[in-house]
Structures are given as structure tokens and as C-alpha cells.
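Everything on this sheet refers to the single structure shown next.
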Amino acid sequence: MSSAISSPPSGSLKKRRVLPGLGLSLGYSITVLTLLLFIPLAACFAKAATLTPSQFWAAAWSERAQSAYFVTFFCSLIAAIIDSIIGVILAWVLVRYQFFGKRFIDSLIDLPFALPTAVAGLVYANMYAEHGWFGKWLVPWGIHVAFTKLGIILVLVFVGLPFVVRTVQPLLETLDDDLEDAAELLGATRWQTLSMVIFPAIQPALLTGFALTFARAIGEFGSVIFISGNLQYKTEIAPYLIVSRLEEYAYAEATAVAVVLIVISLILLVIINGLERWNRRYD
Amino acid sequence: MTIHSFKTVSARSLHWLAALMTLTAIGMSLATTGCTGKPANSQELLHVSYDVTREICTAVNEKFIKRYETETGKKLTIKQSHGGSSSQARSVIDGLKADVVSLALWIDINAIAKSGLIEPGWENRLPNESIPYFSTVVFVVRKGNPKNIKDWPDLVREGVEVITPNPKSSGNGKLSFLAAWGSVTTRGGSDEEAMKYLTDLYRHVPVLESGGRGATTTFLNKRIGDVQLAWENEGYLAVKESKGEVEIVYPPVSIRAEPVTAVVTSNAKRKGTTETAEAYLKFYFEPEVQKLIAENFFRPSDPQVAEEFQEKFPPLTMFRVTDISKGWDDAQTRFFSEGALFDQISKLAAKR
């Protein structure tokens with residue numbers, strides 16, 4: 001090791017990396033990715049390819065499927081937006097304020113990751129059902145949460161909560177509050193400080209957090225099925241449709257739905273990634 | 001120097017790799033030994049069944065194990081698996097190593113047979129077309145029947161919420177659908193009227209659970225809905241479980257539900273359990289077990305036992321699936337396949 005430190009910065013074009021052996025680590029990464037990601041994905045596509053184009057179309061783009069995609073993407077989008085707002089506020093509070101029990105709350109944020117999401121779905125469904133703690137008060141006002149899209153959004157907000165907090169928090173921590181003082185001294189209003197100083201700094205992380213929340217919500221199954229009611233054309237999500245098709249022994253048709261879900265998700269993630277890059281075009 | 005450091009580093013990473021591989025190997029060998037190595041003087045059966053048979057299976061298993069062990073001197077364990085009938089059939093098709101299956105509907109076992117795991121002609125290898133007991137769909141209502149629900153048309157009255165599982169995944173769900181359909185067509189209604197009634201009915205369904213037990217939990221524990229369309233035995237279980245919070249109402253007409261059983265021949269052959277599995281299923285048809293079945297609120301197939309328990313099961317008009325379709329295959333395509341009547345009805349029901 002000492003020899004490595006004492007060695008002069010050689011003029012070699014090869015950059016020294018911390019992890020040894022590019023060949024080895026790259027090979028390892030590709031093997032792992034192939035085993036865990038590419039082969040299962042390819043199997044999914046291969047199964048869907050056993051259908052003729054018209055069969056594929058009928059399975060993947062039936063009215064029932066379209067409505068399921070809509071429910072999935074609509075609820076995921078709304079949940080991701082809500083999580084972004086809540087997440088930034090939570091991260092802000094956790095970084096900028098000192099209060100009793102802060103460490104405890106900080107570790108609580110990750111709970112949605114650890115908790116089986118089915119438990120969350122069950123608990124929410126029970127609380128918001130007509131005789132539940134919240135439902136008791138809401139239902140008489142005509143606000144139905146259990147077995148509606150509102151309920152789906154609610155559990156998705158819960159499930160995706162940690163992402164934005166955990167992506168934005170480290171950036172806020174490195175953001176010196178001197179910056180805010182400087183902005184104030186230069187005559188910026190609070191809103192200007194927020195929108196022109198703080199927001200641009202956390203924006204890339206926020207976008208990443210948003211994308212993660214959104215992607216997580218699209219695939220979420222366990223929690224949603226307990227609160228959505230799974231009514232076709234109303235509250236049925238695409239992942240449930242896949243399982244439902246499997247139960248009719250329609251394997252290829254189920255994978256057709258999965259393929260559409262994968263493709264739409266990929267397109268959306270590529271767009272979000274593009275937005276992130278576009279954002280950093282001056283860096 | 002560079003060569004030297006490269007060597008040590010790669011050696012180190014090789015160590016890591018080796019360690020990783022050993023760990024994987026150990027893990028794998030542990031996983032496989034877990035599945036093999038059963039002593040020769042013991043047998044194990046896996047019974048895959050539908051959602052509402054947990055209690056009855058446990059009761060019968062206990063009896064059968066006792067008898068098997070005294071007769072053969074071998075130890076027997078019977079594992080049970082329960083879930084929505086169609087989901088369970090799919091698990092078996094997908095490779096769940098069931099020795100015997102008992103499912104809510106003929107089509108579910110037939111789907112397994114179609115996959116080649118059960119030899120054709122399975123219905124005739126056991127008594128009574130392999131139907132050990134039958135049942136029906138009844139109304140379970142809240143104590144005192146506050147919404148005064150007596151017959152099928154009452155279910156679509158203003159303000160009544162109906163709980164029934166998803167016909168796509170559940171035997172209970174399919175039977176409820178067919179019972180509702182037949183309640184119209186076997187009493188002089190046309191198919192159009194049945195269609196209109198079912199659209200109305202599913203407008204009153206707030207949640208579709210995937211199996212019968214899930215529906216019971218929703219109705220009993222979450223206290224959602226005014227009436228549950230349940231298996232007769234599940235209804236009685238709910239009455240017992242809730243200590244009288246709910247009660248059963250018999251509609252004048254309902255469907256005759258005929259759950260079937262079969263040995264999953266190719267699994268049993270491979271595991272060497274064929275004989276035990278066959279004896280186990282035949283056991284269900286013996287008078288002693290038929291009584292046990294009746295005590296668990298399934299209607300026994302043995303006519304003598306049925307007579308004995310006559311008072312327990314109020315009479316009602318039960319139509320068979322053949323009275324409203326050409327048979328199970330036809331019913332499946334006409335009502336439950338993709339784009340068929342249930343899908344059309346759900347679509348209409350979603351649009352208020």
C-alpha cells in the first residue's frame with residue numbers, strides 16, 4: 001500500500017481505480033445483471049411472443065387492461081407527486097431543526113421499506129372502512145377511501161415515502177445555511193430564496209426520488225389489493241390484472257400485460273432520466 | 001510495483017470470490033437436503049384444497065392419520081394448502097407437488113388434468129363421480145336481518161351492499177355469480193333479464209376478494225356489507241365464529257355446488273404415494289367420515305347419512321350448473337373467460 005501512495009502520478013492514460021480489475025468487476029456486474037434482470041425479462045418477452053400479434057393486442061390492450069393501466073399510472077403519478085412534496089418538507093425538518101425524538105423519527109422514515117406492504121394495505125383498509133377509526137368520520141361525509149382510487153393513492157404514498165426523503169436529505173445536509181443568509185442579505189424574499197437558491201440545489205435529487213417513488217408505485221401489489229377492492233374498470237390495477245389472468249390459466253396473455261407495463265415504465269423512466277440530464281446541462 | 005500490487009489485489013479478490021462461492025454452495029446444499037432424506041417408514045401427503053375447507057380437512061386428516069398408522073405402522077403427515085380454488089389449481093399446474101386436490105369446481109381439477117398431471121377419467125375413480133359432499137350458496141346477514149333480505153331481488157335494493165369474492169379467481173365467486181344468474185333464468189326470466197339483474201348486483205359489490213375466506217374476513221372483521229354470498233358451510237362457521245353477530249338466510253333457490261377430489265396421479269407416482277393418496281380420498285366417502293362432513297356443515301353425498309342429518313340442512317331448490325349452461329366448460333367460456341359475460345357486466349356496473 002505504501003508503495004502505491006509513494007508512487008508518482010505516472011503519465012499513464014489508465015486511471016487508477018479504487019476497485020481492482022476492471023475486467024473482473026465488470027464481468028461480475030454483467031453476470032449478476034444477466035442472471036437477475038436480463039434473463040427473467042427475456043423470458044417474460046419470450047412468453048408473450050408465443051402469442052400472435054392480434055392475440056397479443058387483444059390481451060394487452062383490452063378495455064379492461066387499458067383501464068387497469070390508467071388506474072396504475074394515474075394513482076402512481078399522484079402518489080409520487082404527493083410524496084415529493086411531503087418528502088421535501090420531511091427532509092427539511094429533519095436536516096434544519098433540532099428537536100426531541102428527531103433520531104427516532106429519522107429512523108421511522110424507512111419503516112415502509114421494512115414493513116410487509118400487505119400489512120399496510122390491511123391496516124389502511126381497516127381504518128378507512130365504514131366502521132374503522134377514520135372511516136367512521138369520513139364516510140358520513142361521503143368521503144370513501146377504502147375500495148376507491150383515493151385508497152390506492154394513500155397506500156402508494158405510504159409505500160413510496162422514504163425515497164424522496166432519503167434522496168433529498170443528504171443534499172440538504174451539504175447545503176450550507178449561509179447560502180440562505182447570503183440570499184437574504186442580498187435582498188431576496190423568502191420565496192425567492194426557496195425557489196432560486198434551495199430548490200435548484202435539491203432539484204436533481206428530488207427528480208431521482210420522484211422517479212423511484214413512481215416506479216415503486218407502478219409495481220406495488222401487496223398493499224394495493226387490500227384497499228382497492230379490485231373492481232374491474234374501476235379500481236383494478238395492472239399488477240392485479242396480471243395475477244387475475246394467471247388464475248384463468250392465461251399465462252401468455254398475462255405476460256402480454258406485463259410487457260406493456262414494462263415498456264411504458266421504461267419509457268417514463270427514460271423521460272425522467274432525460275429530464276435529469278437536461279437539468280444538469282450547465283454543470 | 002504495478003505488477004506486484006496487481007498480483008496481490010487479484011489474489012485477494014479471488015479469495016473473495018472463493019469465499020462467496022463456498023457460501024453459495026453451502027447455502028444450496030442446505031436448501032436441497034431440506035427437501036430430501038425422509039425416513040422410509042413414513043409418508044407425507046400434500047392436500048391442496050380451496051379456501052373454506054381448512055376445518056373439515058383438519059378434522060378428516062386427524063382421523064385418517066390415526067387409522068393409517070394403526071393399520072400400516074407407518075407414520076403419516078398430511079400437509080394442507082388452502083386458497084381460491086382456481087389459484088390453487090394454478091399452483092399445482094405450476095409445480096406445487098400436491099398428491100391430492102379437492103377443489104370447489106369441476107373445471108379447476110379439469111384444468112390440472114388438461115395439463116397432464118392427472119390421468120383422464122379421474123371423475124370415475126372415486127365413488128359418486130368424485131363428489132364427496134355438496135353444498136350451496138346462502139345469504140349471510142347481520143343479526144336480526146336489518147335489511148330484511150330474503151330472496152335474490154332483495155340484494156339489489158337501494159342501500160344494500162353485497163360481499164362476494166372475485167369470480168375470476170374463486171370458486172365461491174363463480175358459484176355466487178351462477179346462483180344469481182340461475183335465480184333469474186330458472187324462475188322464468190330471460191337471459192337479458194339475468195344480465196340486467198347481475199349488472200345491478202355487481203353495482204352493489206364494493207370489493208372483490210380473491211377467495212371465499214377473504215370475503216368472510218371482510219364481512220365479519222371489517223364489517224363491510226349487509227349480506228355475504230357464502231358457501232353454506234362457511235356461513236355456519238361465520239355464525240359460530242362471530243357468536244351470533246350474523247345469521248344465515250336461505251334463499252328459495254340457489255346453486256348446487258359440487259366440489260370434487262382427485263389424486264394428482266403423476267405427482268403421487270413420482271413420490272410413491274399413490275396408494276396412500278387413493279385410500280385417503282376414498283376415506284371421505286365412508287359413512288363415518290360422511291357424518292363428520294355433515295357435522296362440519298357440508299351436505300353429505302351418502303344418502304343414508306344425508307337422511308340422518310336432514311334437519312340440519314333446510315331444503316331449498318338447488319339447480320345444477322347444467323340447468324343454466326351445457327356444462328362447466330360451457331359455463332366457463334360463456335360467463336368467466338376474458339371478455340365474456342362477467343367482464344361485460346363489470347364494465348356496465350362500473351359505469352353508474
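So that the names make sense, note that chain A is the first sequence line, chain B the second, and so on, each numbered from 1.
- In this structure R216(A) satisfies the salt bridge (charged side-chain N to carboxylate O under 4.0 Å, His left out) test together with E220(A), sequence neighbours excluded.
- When all heavy atoms of S62(A) and E338(B) are compared, the pair lying nearest together is OG-OE2, 3.7 Å.
- More than 12 heavy atoms of other residues, nucleotides or ligands shown are found within 6.0 angstrom of NZ on K136(A).
- Heavy atoms of E161(B) lying under 4.5 Å from chain A belong exclusively to its side chain.
- Heavy-atom proximity under 4.5 angstrom to chain A picks out K222(B), R223(B), I224(B) from residues 214-224 of chain B.
- Of the listed residues (V205(B), N166(B), D94(B)), the greatest number of heavy-atom pairs within a distance under 4.5 Å of chain A belongs to D94(B).
- Interface residue E63(A): only side-chain heavy atoms are found under 4.5 Å from chain B.
- Considering all non-hydrogen atoms of both residues, K168(B) and S244(A) come closest at CB-OG, 3.9 Å.
- Nearest heavy-atom pair across Y233(A) and S346(B) is CD1-C, 3.8 Å.
- Here OG of S91(B) is found 10.0 Å from CG of L246(A). Values are rounded to the nearest 0.5 Å.
- Between Y240(A) and S210(B) the shortest heavy-atom distance is OH-CB, 4.0 Å.
- For chain A, the nearby parts of D343(B) are the backbone and the side chain; heavy atoms of each come within less than 4.5 Å.
- Q66(A) CD: more than 12 foreign heavy atoms inside a 6.0 Å radius.
- Interface remark: F226(A) contributes backbone atoms only to the contact with chain B (heavy atom separation under 4.5 Å).
- Listed options T148(A), L231(A), I225(A) were ranked by heavy-atom pairs under 4.5 angstrom with chain B; first place goes to L231(A).
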